[in-house]
Structures are given as structure tokens and as C-alpha cells.
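Input: a single structure, listed below in C-alpha cells.
If you're wondering where the values come from, they're calculated on a predicted model, not measured in any experiment.
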Amino acid sequence: MSRVVVVPPDPAWVEIYKTEAARVRDALGPSVVEIHHIGSTSIPGIFAKPIVDILVEATDLRDVDMRNNRMESLGYEVMGEYGIAGRRYFRKDNQDGDRIHNVHTFKSGTPGIARHLAFRDFMRAHPDLAMQYSDLKRKLAAVHPDSIELYMDGKDGFIKEMERRAAQWQAEL
């Protein structure tokens, strides 16, 4: 059982993202339209699990599927949709078995992309709410250090409310 570990913000996360995003772009080839840094490591100043999340916009998921072996050669486990229709999910652990990267790939223009980017941008634009999220993550990790499920369940209501507010905020821009 892996522990839920939330760490202080690390400025290196941006460079880790850039390096890995370039590798992913090369592996997935010409169907890649855009790559984004998402998740908590993309929100400045907040505590996070030290896992860099990458969002890939692609023109064709069938082309992505045909390149699974390239992602495996980078150390990724190919997970398919993994519970979200229209997504291709890849995850990568380090030598110690700790997760270090998640790659979420969607066809360009789909709601999964907009939802992730709206949440990230809303949190970046509202540092007070980002700090509330950071505090919640720290508390949940302390209370549920041995249960990623309880940790995730504890964040769910906050995330859904922020996603709702983010969508409204983005519509007003």
C-alpha cells in the first residue's frame, strides 16, 4: 500500500513538466496539438502530491493508441480510458515504485480538456482558493495517510465546487 504524501510546492515541477512534455510529444507524434501542465503541481505555491500531470490534446486517439509502445518505452503503463470515456491515460512510476507522472490524452475540443484547464486557470487566478485547496490536501493526507481513496473522496466536493465556479468564471471572461 502506498502512502499519501503531500509535499511543499517545488519550483522544479515546471522544469520536470517541460522535460517530460517534450518526451511525450516525441512519443505521440504528429497527432499532438497541444500539451498542458495540469494538476496541483501546475498551481503555484500549493502543496501537492509530487506527481506531474500532463494533458495532451490530440487530433486522433486512434493514432495515440498506435503509439502505445512508444509510451511504454518511456516507462509509462498504458491504461486505456481508465474510467473516463474518450480519454487515453498513461501513468509512470520511478524506480522505487512511486508515481511521478500521469498523462491524460483527449481529442481536441472535448469537455475533458476544458474542465482541466478551467480548474487550473481558476486556481491560478484565485490564490486564496488555491491556498484553501492546499490546506485541504494537507489535512486529508494527515488524516488518511494510508488511503488514496479516502484522500480523493475528501477532495471531491471541493474540486466539484471549484470546477463549477471555474466554468462560470471562464464563461464571464
Nearest atoms (heavy-atom pairs only) where K137 meets F47: CE-O, 3.1 Å

From CZ (R164) to CH2 (W169), nearest 0.5 Å: 14.5 Å

Side chains of Y151 and K49, donor plus acceptor under 3.5 Å: no

Which atom of S31 lies closest to which atom of V64, heavy atoms considered: OG-CG2, 3.8 Å

Short side-chain to backbone donor-acceptor contact, R87 and T105, under 3.5 Å: no

Same apolar cluster: V32 and V78, side chain cutoff 4.5 Å: yes

Considering all heavy atoms, the nearest A48-S40 contact: CB-CB, 3.4 Å

Nearest heavy atoms of A166 and A118, plus distance in Å: CB-O, 3.5 Å

Derivation of the side chain to side chain contact (heavy atoms under 4.5 Å, CB included) call for H101 and I16: CA-CA 10 Å; H101 295 292; I16 292 167; 3.6 Å; yes

Atom of V33, atom of S108 and distance for their closest heavy-atom approach: CG2-OG, 3.4 Å

Donor-acceptor under 3.5 Å (T19 side chain, E15 main chain): yes

Spacing of R3 atom CZ and D146 atom CG [to the nearest 0.5 Å]: 4.5 Å

Cationic N near anionic O, under 4.0 Å, E163 to K160: no

I43-I159 co-clustered via ILVMFWY side chain contacts under 4.5 Å: yes

Intermediate values then yes/no, ring pair (Phe, Tyr, Trp, His ring centres under 6.0 Å), F119 and Y133: CA-CA 12 Å; F119 180 84; Y133 186 40; 5.7 Å; yes

Heavy atoms of other groups near R25 CZ, more than 12 under 6.0 Å: yes

M79, CE atom: more than 12 neighbouring heavy atoms under 6.0 Å: yes

Flag side-chain contact, heavy atom, 4.5 Å: R165 against L129: yes

Single-linkage hydrophobic cluster, 4.5 Å side-chain cutoff, I113 and L61 together: no

Approximate separation, where rounding is to 0.5 Å, of S42 OG and I54 CD1: 11.0 Å

Sidechain N-carboxylate O distance under 4.0 Å for D135, K139: no

Any L28 side-chain heavy atom under 4.5 Å of R70 side chain: no

Donor-acceptor under 3.5 Å (S134 side chain, M131 main chain): no

CE-CZ distance between M66 and R62, expressed to the nearest 0.5 angstrom: 9.5 Å

Approximate separation, where rounding is to 0.5 Å, of I51 CD1 and N102 CG: 6.0 Å

Minimum side-chain heavy-atom gap E20-V52 below 4.5 Å: no

Exam field: side chain H144 to backbone L140, donor-acceptor pair closer than 3.5 Å: no

Any donor-acceptor N or O pair under 3.5 Å, side chains E57, H36: yes

Single-linkage hydrophobic cluster, 4.5 Å side-chain cutoff, Y89 and I100 together: no

Single-linkage hydrophobic cluster, 4.5 Å side-chain cutoff, L55 and W13 together: no

Side-chain heavy atoms of I38 within contact of H104, under 4.5 Å: yes

P50 vs V7 side-chain heavy atoms within contact, under 4.5 Å: yes

Residue pair A21 / I35: nearest heavy atoms and the distance that separates them: O-CD1, 3.5 Å

I84 and F106, any side-chain heavy atoms less than 4.5 Å apart: yes

Intermediate values then yes/no, side chain to side chain contact (heavy atoms under 4.5 Å, CB included), V56 and V24: CA-CA 9 Å; V56 177; V24 168; 3.9 Å; yes

Main-chain N/O of D98 paired with D96 side-chain donor or acceptor, under 3.5 Å: no

Step-by-step side chain to side chain contact (heavy atoms under 4.5 Å, CB included) determination, D156 to M152: CA-CA 6 Å; D156 191 58; M152 298 298 284; over 6 Å; no

M71 CE to D65 CG distance, which is reported to the nearest 0.5 Å: 11.5 Å

Trace of the side chain to side chain contact (heavy atoms under 4.5 Å, CB included) decision for R124 with D121: CA-CA 5 Å; R124 287 177 173 176; D121 295 346; 4.2 Å; yes

Residues D60, K107: salt bridge by 4.0 Å N-O rule: no

Donor on one side chain, acceptor on other, D53 and H37, under 3.5 Å: no

Cation-pi, Y82 ring and R91 (6.0 angstrom, 45 degrees): yes

Row check, F90 ring normal vs K92 NZ/CZ: under 6.0 Å, within 45°: no

